[in-house]
Amino acid sequence: MGTLDAGASFLADKSAPIFVAGHLGLVGSAIVRRLRALGFTNLLLASRSDLDLTRQADVEAFFSLHRPHFVFLAAAKVGGILANSSFPADFIADNLLIQTNVILAAHKFGTKKLLFLGSSCIYPKFAPQPIPESALLTAPLEPTNEWYAVAKIAGIKTCQAFRLQHGFEAISAMPTNLYGPRDNFHPENSHVLPALIRRFHEAKVAGAKEVVVWGSGSPLREFLHVDDLADAVIFLMENYSGLEHVNVGSGKEVSIKELAEMVKEVVSFDGELVWDRSKPDGTPRKLMDSSKLAGLGWEPKVSLREGLEETYKWYVENVVGQQP
């Protein structure tokens, strides 16, 4: 059984079997890139067609066979507001099944340490700004994604419960808004940053005279490059053992107006940027308090401008290049 071992170093054994659940997604793929760059040689990777994490018997068979020493639990059913409101049962049930099956199997088959990845949507809709870890469960959630949020909160609590009852070394990290290679650039259900990249690129290609963006541009948002997140979770796997989850953010805010102007520059769109002030702005500010992680000695390295340039390059090569 996996038990707390303060002396176990994650970085010491580069041949230790490591399971990255969700390795094809935005977060999981970044963790795999970082682990390989650090010289880890025994990564256990299984696509959804190879291993259905919603099926307990399949997950237990996988853990029984491979016995991973460390687990990064980055697998989840994700989607935007439309998907969350259209398929609430899928979002709560699938995520509860995935994380519960993996955490239970990790404990049962001797995993030394597990890191569970959540989301900033676990916090109340009107949480204090910046949002501290202590804001969890202090007020109602944002209704548009509560099904996903409740599942993620249950994941944090499952890790805590197994630590308290069984001494299982399970920790949780909650990232802010992420972006980078393998982001979702879907025209209807992508998040603000990839959506802006796509719209400015398509406007440039079409020779459009303007791009219209909803709202006033005044809301403030925080963004973290997914490679920085990968670096942070590996840092936590090595350096953190605690009951409370840990926020992972950049600590830097940018207005939607500044973001749109930066994307316009990166894409080299020559037309006008027009704000449709008849459309809603959304939450005025959403910043994570990442001082706990900073106090442990970690800080982000990728600037927003640098990250945008890299992400746009990836989009052109991998999304635009694949379109019919």
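What you see is a predicted model; the values in this text were computed from it and never measured.
With 3.5 Å as the limit, one finds a donor-acceptor pair spanning the side chains of Tyr240 and Lys292. Using modelled atom types, one finds a donor on one side chain and an acceptor on the other under 3.5 Å when comparing Asp231 with Trp298. Judged by distance alone, the side chains of Gln160 and His245 never bring a donor and an acceptor atom under 3.5 Å apart. For the residue pair Ser290 and Asn247, no side-chain donor N or O sits within less than 3.5 Å of a side-chain acceptor on the partner. Neither side chain, Thr158 nor Gln99, offers a donor N or O lying under 3.5 Å from an acceptor on the other.
Screening Glu253, Glu258, Lys257 for a side chain to side chain donor-acceptor pair (under 3.5 Å) involving Ser255 leaves a single residue, Glu258.
Checked against the 6.0 Å centroid threshold, Tyr312 and His201 count as a close aromatic pair. Checked against the 6.0 Å centroid criterion, the rings of Phe70 and Phe40 do not qualify as a close aromatic pair.
Taking all atoms of both residues into account, the shortest heavy-atom contact from Ala173 to Leu236 is CB-CD1, 3.9 Å. Closest approach of Phe162 and Leu104 over heavy atoms only: CZ-CD1, 3.6 Å. Heavy-atom minimum distance, His225 versus Gly307: CD2-CA, 3.7 Å.
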(request) Test Lys264 against Asp270 for side chain to side chain contact (heavy atoms under 4.5 Å, CB included), laying out the working first. (result) CA-CA 8 Å; Lys264 179 177 181 283; Asp270 295 329; over 6 Å; no
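Using the six-membered ring where Trp is involved, Phe185 and Tyr315 have ring planes that are tilted, between 30° and 60° apart.
Both tests pass for Lys77 against the ring of Phe91: distance under 6.0 Å to the centre and angle within 45° of the axis.
Taken from CG in Leu35 to NZ in Lys14, the straight-line distance is 10.0 Å, to the nearest 0.5 Å. Taking CD of Glu238 as the reference point, atom CG of Leu11 lies at 4.0 Å (rounded to 0.5 Å).
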